[in-house]
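Heads up: the structure comes next, in structure tokens.
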Amino acid sequence: KKRKKFKKNPFENSQKSCVTSSSKTSICFISSSLKMNFFRSVIGTAAKIDITLDGASTRQSVEIPIAGQEGKTEKIPLYIENEPITGKVNVVLDSGTKKLEHTGISVALVGSTKINGNVHEFLSVVKELESGVGALESSKEYTFDFTGVERNYESYNGIHVNLTYSIRVVINRSMMSSKITKNQDIWVRTFSNQPEVNTNIKMEVGIEDCLHIEFEYNKSKYHLKDVIIGKIYFLLVRLKIKTMNISLLKRETTGSGPDVYNENRTLSKFEIMDGAPVRGEAIPVRLFLGGFDLTPTYKDVVNKFSVTYILNLVLVDEDDRRYFKQREIVLWRKADKAKKSSRIEGAQTYEEGLPTNKEEED
């Protein structure tokens, strides 16, 4: 007699554990890996998305710390201002998958801020790669081109604030299946022209009949590789000053109105005097900015945050009392150009123009 052929039980060769109850009924638990294969046969498998940016191998990149992983960084491709962003998207089906059903495939250029865990998208330009309901029966490659999309803000990785841009690919699927997404971060940098107006800074610190100090810096706006040059004049000294230092502070401001929160971080601190000064003495100040990890000054970015830089002058007397004066400076990013600077005949640098003491200036 011919034996009747039965369809192969998909759970026949699986790892399973069985428990026999008091009623001699066996209950078996199938391994999770087999369950996954079973569901894949029903609803299909997830695909892999690869995003390739044009010219990625030769493009400059920046190293950004990875959140939550101390000491580790990742390289992110750098784009200047509104430079076109082009590339390819590859949707690769897993081996053994015959068809991937979807309800649309899109690629987007997304800009977002993240402040204390709260994410806000301020830019989203979406382009459809596949519109409507459809199915992929094999792997497929698409191209994308984001030309002429304005990116008004620089990327920023701060203390409590991040501003990022990314290429996001989304494969939308039916309600039974979760959508598939892939993000490729990019870093955006903008440059500024040299300020037309850049006045010097003059400030005074004083206590009536005890202390009168005047200090000045050569300008109020500096590019990120600039040098801060200035002098401090002691016009009246009846206090015994022990030390004097100058520090560069970075202030990150979030919120508005009564909910404003400031986070200060000291980037550098230099002792510029040790010992008691005398009346009429002038102390030079020179601070090189190129050695610090600086950003331009940001004001009300997306109405969410600001970043400012402050010069903080602190004097300490013999009783450890502190006297300080703060002044905000503006930082801007200068385009890197391999050009030799030429000195104009007859021109005078700010340092050369400063008098050796205050009496000479008068």
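What you see is a predicted model; the values in this text were computed from it and never measured.
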**Study point:** Single hit among Leu294, Thr297, Leu287, Ile228 for side-chain contact (heavy atoms from CB on, under 4.5 Å) with Tyr222
**Key:** Ile228
**Study point:** Basic-acidic side-chain contact under 4.0 Å: Asp226, Lys219
**Key:** yes
Point to revise | Common cluster, Leu249/Val307, ILVMFWY with side-chain heavy-atom separation under 4.5 Å | key: no
Practice item. Would you indicate whether the side-chain heavy atoms of Ile80 and Leu78 approach each other to under 4.5 Å? Key: yes
Point to revise | Residue pair Thr254 / Ile115, side-chain heavy-atom distance below 4.5 Å | key: yes
Practice item. State, yes or no, whether a side-chain contact exists between Tyr142 and Glu130 at a heavy-atom distance under 4.5 Å. Key: yes
Review point. Salt bridge between Glu281 and Lys231, side-chain N to carboxylate O under 4.0 Å?
Key: no
Point to revise | Residue among Asn245, Leu313, Thr243 satisfying side-chain contact (heavy atoms from CB on, under 4.5 Å) with Ile272 | key: Leu313
Review point. Crowded around Asp293 CG? As in, over 12 foreign heavy atoms under 6.0 Å?
Key: no
Review point. Heavy atoms, side chains only, cut-off 4.5 Å: are Lys242 and Asp320 in contact?
Key: yes
**Study point:** Sidechain N-carboxylate O distance under 4.0 Å for Lys250, Glu328
**Key:** no
**Study point:** Heavy-atom pair with the smallest gap, counting every atom of Ala47 and Val91
**Key:** CB-CG1, 3.9 Å
**Study point:** side-chain hydrogen bond (donor to acceptor under 3.5 Å, both in side chains) partners for Asp317, two or more places apart
**Key:** Arg321, Tyr323
Check your understanding: How long is the gap from NZ on Lys221 to CD on Gln194, to the nearest 0.5 Å?
Key -> 11.0 Å
Point to revise | Positive for side-chain contact (heavy atoms from CB on, under 4.5 Å) with Lys179, one of Ile105, Asn172, Ile171 | key: Asn172
Point to revise | Charged N-O contact under 4.0 Å between Lys88 and Asp50 | key: no
**Study point:** Sidechain N-carboxylate O distance under 4.0 Å for Arg265, Glu252
**Key:** no
Check your understanding: Hey, what do you get for CD1 (Ile201) to CD1 (Ile329), rounding to the nearest 0.5 Å?
Key -> 7.0 Å
Point to revise | Face-on cation placement of Lys127 at Phe146 ring, 6.0 Å and 45° thresholds | key: yes
Check your understanding: Given side chains that start at C-beta, do those of Asp54 and Arg59 come closer than 4.5 Å, heavy atoms only?
Key -> no
Exercise for review: Decide yes or no on ring pair (Phe, Tyr, Trp, His ring centres under 6.0 Å) for Tyr298 and Tyr156, but give the supporting numbers first.
Suggested key: CA-CA 10 Å; Tyr298 302 135; Tyr156 175 69; 5.6 Å; yes
